[in-house]
Structures are given as C-alpha cells and as structure tokens.
**Q** 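So that we are looking at the same thing, I have put the structure below in structure tokens.
Start at 1 with the first residue, then count along the sequence.
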Amino acid sequence: MGKSASKQFNNNVLQAHNKYQQQHGVPPLKLCKKLNRVAQQYSKALASTRILKHSPGSSCGQCGKNLACASHNQPGKEVADRWYSEIKNYNFQQPGFTSGTGHFTAMVWKNTKKMGVGKTSASDGSSFMVARYFPAWNVVNQGFSEQNVLPPKK
C-alpha cells in the first residue's frame, strides 16, 4: 500500500472511530505517528505469516490493540464498523471486558487519547489491519469499564 493510500486508510479508520466516540459522548482520538509505525510493523508481521494473533503485551508498552483480517482489500470504515458491531453483545448493566466485546470497548474507551493504524496486504491478496490505542484500555483496566464504556447517546 502506497503512502497516500495508507494515509487515506488511516484517516478513514480514525474518522469512523471518532464518529462512534461522539455517539458515546467520548472525546475524539488523534492519530499518532509512533503508534501508526508500530501498528504498521505488526500488520506486516501478520501478513507475512497470514496468521491473525495478538502480539505479546510488551510489544507496545501500555497499548491496547484491535486486529482484523479480510480476504480482500477492506476499506477503513468497514474494518471499524466490524469492530464496533460487537456493541450488540455488550451489557451496559454489567460492564466489563469479554472476548466478544473487546474490539468495541477498545474503540470507545473514554480515557484513550491516541491511536495508530496499520494495514498490509499478504501475498495471497488478503489484508491484515491493526489498531493501537494509548493509553491502554479494557483488558488492563477492567475495573474501570463503568467510567470508560458509556452507552450511546439517544
């Protein structure tokens, strides 16, 4: 992916995140060059193995992350929409991290300020996408879901 396509993809992912942030009454995120670089490096590693797996926690310090893969060149908005769709499984009356809602809670975690995005195409045409969030979110701060995962405004 060229620099302009990469920048457009990153901006599309950011715009989708911030649309959802706004719906939940959460301040918008900003793209961070360092987090973009780390996310891009990890998307390259995933594409080289064509295996979607989370990196060790130490690979980005206190970052959160979302991963996705697709058999095609998936646009940034669609990737973000896939992650956000986990809201249907989230119980706002019993907030907390679950494996079926982690992508969603990472996206709308109130205290997250910055994010980075990476995308790499594999040799078979599939693509691997990575989002990094700082400061870390739902897994390391589970006791704070009530304050950080707000229901959408009506």
**Q** Applying salt bridge (charged side-chain N to carboxylate O under 4.0 Å, His left out) as the test, list every pair that has at least one member in residues 90-109; sequence neighbours left out.
**A**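 Output for this query is empty, none listed.
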**Q** Could you list all the side-chain hydrogen bond (donor to acceptor under 3.5 Å, both in side chains) pairs where at least one residue sits in residues 22-39, not counting sequence neighbours?
**A**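 Passing the test, one end in residues 22-39: H24-Y84.
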**Q** Can you name the side chain to side chain contact (heavy atoms under 4.5 Å, CB included) partners of K110, sequence neighbours left out?
**A**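 Side chain to side chain contact (heavy atoms under 4.5 Å, CB included) list for K110, sorted by chain: V26, P27, N148, L150.
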**Q** Quick check against the 3.5 Å criterion: does K88 have a side-chain atom that pairs as donor or acceptor with the backbone of S85?
**A**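 Looks like yes, one N/O pair under 3.5 Å.
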**Q** For the atom pair CD (Q74) and SG (C69), what is the distance rounded to the nearest 0.5 Å?
**A**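 Here the interatomic distance stands at 9.0 Å.
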**Q** Any heavy-atom pair between the side chains of Y42 and L67 that's under 4.5 Å?
**A**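 Side chain of L67 against side chain of Y42, heavy atoms only: contact under 4.5 Å found.
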**Q** Report the C-alpha separation of V79 and F9 in whole Å, then their side-chain angles, then the decisive distance to 0.1 Å, and conclude whether the side-chain contact (heavy atoms from CB on, under 4.5 Å) test is met.
**A** CA-CA 10 Å; V79 174; F9 178 83; 4.2 Å; yes
**Q** Not counting sequence neighbours, which residues clear side-chain hydrogen bond (donor to acceptor under 3.5 Å, both in side chains) with S126? List them please.
**A**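 Counting only residues at least two positions away or on another chain, S126 forms a side-chain hydrogen bond (donor to acceptor under 3.5 Å, both in side chains) with D124.
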**Q** Please check this pair: side chain of N66 against backbone of H103, looking for a donor-acceptor N/O pair closer than 3.5 Å.
**A**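 Yes, the answer is positive, given that a donor and an acceptor are paired below the 3.5 Å cut-off.
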**Q** Can you name the residues that form a side-chain hydrogen bond (donor to acceptor under 3.5 Å, both in side chains) with S48, not counting sequence neighbours?
**A**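 Per chain and number, S48 pairs via side-chain hydrogen bond (donor to acceptor under 3.5 Å, both in side chains) with no residue.
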**Q** Go through the structure and list residues passing side-chain hydrogen bond (donor to acceptor under 3.5 Å, both in side chains) with N91, not counting sequence neighbours.
**A**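 In terms of side-chain hydrogen bond (donor to acceptor under 3.5 Å, both in side chains), with neighbours along the sequence ignored, N91 is linked to Q94.
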**Q** To the nearest 0.5 angstrom, please state how far the CG atom of N12 sits from the NE2 atom of H17.
**A**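 If I round to the nearest 0.5 Å, the distance is 12.5 Å.
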**Q** What pairs with K77 under salt bridge (charged side-chain N to carboxylate O under 4.0 Å, His left out), at least two apart in sequence or on another chain?
**A**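 K77 satisfies salt bridge (charged side-chain N to carboxylate O under 4.0 Å, His left out) with D81 once adjacent residues are dropped.
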**Q** To the nearest 0.5 Å, how far apart are CG in L35 and CZ in F134?
**A**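 Rounded to the nearest 0.5 Å, the CG-CZ separation comes to 8.0 Å.
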**Q** Can you tell if the side chain of E86 reaches within under 4.5 Å of the side chain of M107, non-hydrogen atoms only?
**A**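 Not touching, per the 4.5 Å side-chain cut-off.
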**Q** Can you name the nearest heavy-atom pair linking G118 to A39, along with the distance?
**A**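 Answer, listing the atom of G118 first, then A39: N-CB, 3.5 Å.
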**Q** Heavy-atom distance under 4.5 Å between the side chains of Y133 and K114, does that happen here?
**A**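 Not in contact.
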**Q** Nearest 0.5 Å, what's the OG-OH distance between S145 and Y90?
**A**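 Taking OG in S145 and OH in Y90, the distance rounds to 4.5 Å.
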**Q** Just so I know, are the side chains of R50 and S123 near enough to count as touching, which here means a heavy-atom distance under 4.5 Å?
**A**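 R50 reaches S123 side chain to side chain.
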**Q** Identify, with sequence neighbours excluded, every residue that meets side chain to side chain contact (heavy atoms under 4.5 Å, CB included) alongside A47.
**A**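 So A47 forms a side chain to side chain contact (heavy atoms under 4.5 Å, CB included) with T120, A122, F128.
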**Q** Checking Q21 now: which residues fulfil side-chain hydrogen bond (donor to acceptor under 3.5 Å, both in side chains) with it, not counting sequence neighbours?
**A**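 Partners of Q21 by the side-chain hydrogen bond (donor to acceptor under 3.5 Å, both in side chains) criterion come out as none, since no residue qualifies.
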**Q** Can you list everything that forms a side chain to side chain contact (heavy atoms under 4.5 Å, CB included) with K113? Sequence neighbours excluded, please.
**A**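 In terms of side chain to side chain contact (heavy atoms under 4.5 Å, CB included), with neighbours along the sequence ignored, K113 is linked to N111, P135.
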**Q** Indicate whether the side chain of K119 and that of N10 have a donor and an acceptor atom separated by less than 3.5 Å.
**A**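 Their side chains do not contain a donor-acceptor pair, so the 3.5 Å distance test is not met.
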**Q** Please tell me if the side chains of S43 and V130 come closer than 4.5 Å, counting only heavy atoms from C-beta onward.
**A**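 They are in contact (side-chain heavy atoms under 4.5 Å apart), so the answer is yes.
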**Q** Looking at residues at least two apart in the chain, or sitting in another chain, which of them share a side chain to side chain contact (heavy atoms under 4.5 Å, CB included) with L14?
**A**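 Scan of L14 (side chain to side chain contact (heavy atoms under 4.5 Å, CB included), adjacent residues dropped) gives N18, L29, L31, M115.
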**Q** Are the side chains of Q40 and K44 in contact, using a 4.5 Å heavy-atom criterion?
**A**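 Yes. Closest side-chain heavy atoms under 4.5 Å.
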**Q** Could you walk me through whether Y20 and I87 pass the side-chain contact (heavy atoms from CB on, under 4.5 Å) test, one step at a time?
**A** CA-CA 11 Å; Y20 292 127; I87 188 174; over 6 Å; no
